[in-house]
Amino acid sequence: MIRVAIYNECIHEKNNEKAMAIYPNGIHSVIADFLKADDITVKCFTLETVEEITEEALKETDVLIWWGHVGHAKVPDEVAERVRDAVLTGMGFIGLHSAHHSKPFKLLMGTACHLGWRENGDMERIWNINPAHPITQGIGRYFELPHVETYAEPFGIPNPDEVIFMGWYEGGELFRSGCTFHRENGRIFYFQPGHETFPIFYDENVQTIIKNAVRWAAPVYRSEALVCPHIKKIGTEN
Ligand code: ZN
């Protein structure tokens, strides 16, 4: 069983007419619906319940998916630190779209994670540049999203362990749209599409990628806690 938790701040879906029309029950409920499977359970948190992301809740989470934008600063630092520590023990983390500026993602990256952006509904062609990767299975050579928020390089992240998707926009920009990272025992996937005023999470390819990413990011090994133990020399008392 893979225990997934989704954090979606769920602010635009309450105050932006376009977002309300596309995601009347919140982005998280659409993601939860397509993720549900015989071997996957899903629970959801929003900014209103962000304090419920406790150490205990994270221990019961195999993969945490994060969508945030205007509410990043309202997420308590302690929650972000808990999420980072859970990733270091082995929990998977998937950052979607504007989660590039979320507190947990920035803690895990150690950089500012700035990027160029433009919101004019350009088309994005997303190239699968690693067809042998578990997350790209079922995705062709490329697919297109008719309207996205353009994200442009330079993207201020440390060099990813793998770049598996490259985004090209009709404005000519390029972006590392799908990147993987490892931090101690944990696996991280960042995926660029997901702007709240476009129906991106209903796209079949996007759903396939997030489903694949959940299975890829699920812990292979999880340590009990982050400790720095004193060890005895093998065969001796001290
Ligand atoms: Zn956006």
Side-chain angles (χ1 to χ4, degrees), residues 6-32 34-35 44-48 50 64-75 80 83 93-109 111-127 143-157 160 163-179 181 188-207 209-210 213:
I6 302 171
Y7 167 80
N8 168 33
E9 62 179 31
C10 202
I11 297 172
H12 296 299
E13 299 97 316
K14 289 176 186 159
N15 65 17
N16 175 307
E17 277 183 23
K18 274 191 190 169
M20 288 160 76
I22 299 167
Y23 299 108
N25 300 312
I27 283 172
H28 56 287
S29 69
V30 173
I31 297 173
F34 73 71
L35 277 182
C44 298
F45 300 94
T46 64
L47 184 58
E48 285 173 8
V50 70
L64 177 61
I65 297 175
W66 198 278
W67 197 105
H69 183 217
V70 288
H72 290 325
K74 293 187 178 132
V75 173
V83 170
F93 183 88
I94 299 174
L96 298 173
H97 188 58
S98 37
H100 71 91
H101 263 168
S102 66
K103 285 184 182 178
F105 187 71
K106 289 200 290 185
L107 278 178
L108 288 161
M109 295 297 111
T111 55
C113 302
H114 293 326
L115 47 80
W117 60 278
R118 182 178 66 251
E119 200 182 328
N120 70 329
D122 272 6
M123 180 271 280
E124 179 179 8
R125 181 174 294 159
I126 297 175
W127 290 89
F143 68 100
E144 292 175 350
L145 294 168
H147 303 290
V148 300
E149 178 181 17
T150 297
Y151 273 11
E153 297 283 346
F155 184 14
I157 47 172
V163 178
I164 61 176
F165 293 111
M166 277 298 299
W168 173 89
Y169 305 84
E170 60 186 306
E173 291 83 3
L174 293 173
F175 193 71
R176 288 169 287 174
S177 287
C179 301
F181 306 86
I188 300 162
F189 178 56
Y190 172 79
F191 191 48
Q192 169 268 324
H195 189 64
E196 67 278 0
T197 59
F198 303 116
I200 285 164
F201 294 113
Y202 295 95
D203 181 88
E204 213 175 301
N205 285 300
V206 168
Q207 294 187 358
I209 289 164
I210 296 172

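Being a predicted model, the structure only gives us computed values, none of them experimental. We count ligands from 1, going down the list as the structure has it; atoms in each ligand are counted the same way.
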**Q** Using a cut-off of 6.0 Å, state whether more than 12 heavy atoms not belonging to E153 lie near its atom CD.
**A**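 Atom CD in E153 is packed in, count exceeds 12.
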**Q** Please find out if less than 6.0 Å separates the ring center of H28 from that of Y23.
**A**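 Ring-ring flag for H28/Y23: false, centres at least 6.0 Å apart.
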**Q** Measure centre to centre between the rings of Y169 and F175, then say whether the value is under 6.0 Å.
**A**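 Here the rings of F175 and Y169 have centres that are no less than 6.0 Å from each other.
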**Q** What do you reckon, is CD of E119 surrounded by more than 12 foreign heavy atoms closer than 6.0 Å?
**A**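 Correct, the count exceeds 12.
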**Q** Who pairs with H101 by side-chain hydrogen bond (donor to acceptor under 3.5 Å, both in side chains), at least two apart in sequence or on another chain?
**A**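 Testing H101 for side-chain hydrogen bond (donor to acceptor under 3.5 Å, both in side chains), a comparison that skips the adjacent residues, returns H114.
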**Q** For H69 versus S98, what's the shortest heavy-atom pair and its separation?
**A**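 That closest heavy-atom pairing would be CB-OG, 3.5 Å.
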**Q** Report the protein N/O/S neighbours of the Zn ion (ligand 1) that fall below 2.8 Å; do not count waters.
**A**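 Sorted hits: H97 NE2, E149 OE1, H195 ND1.
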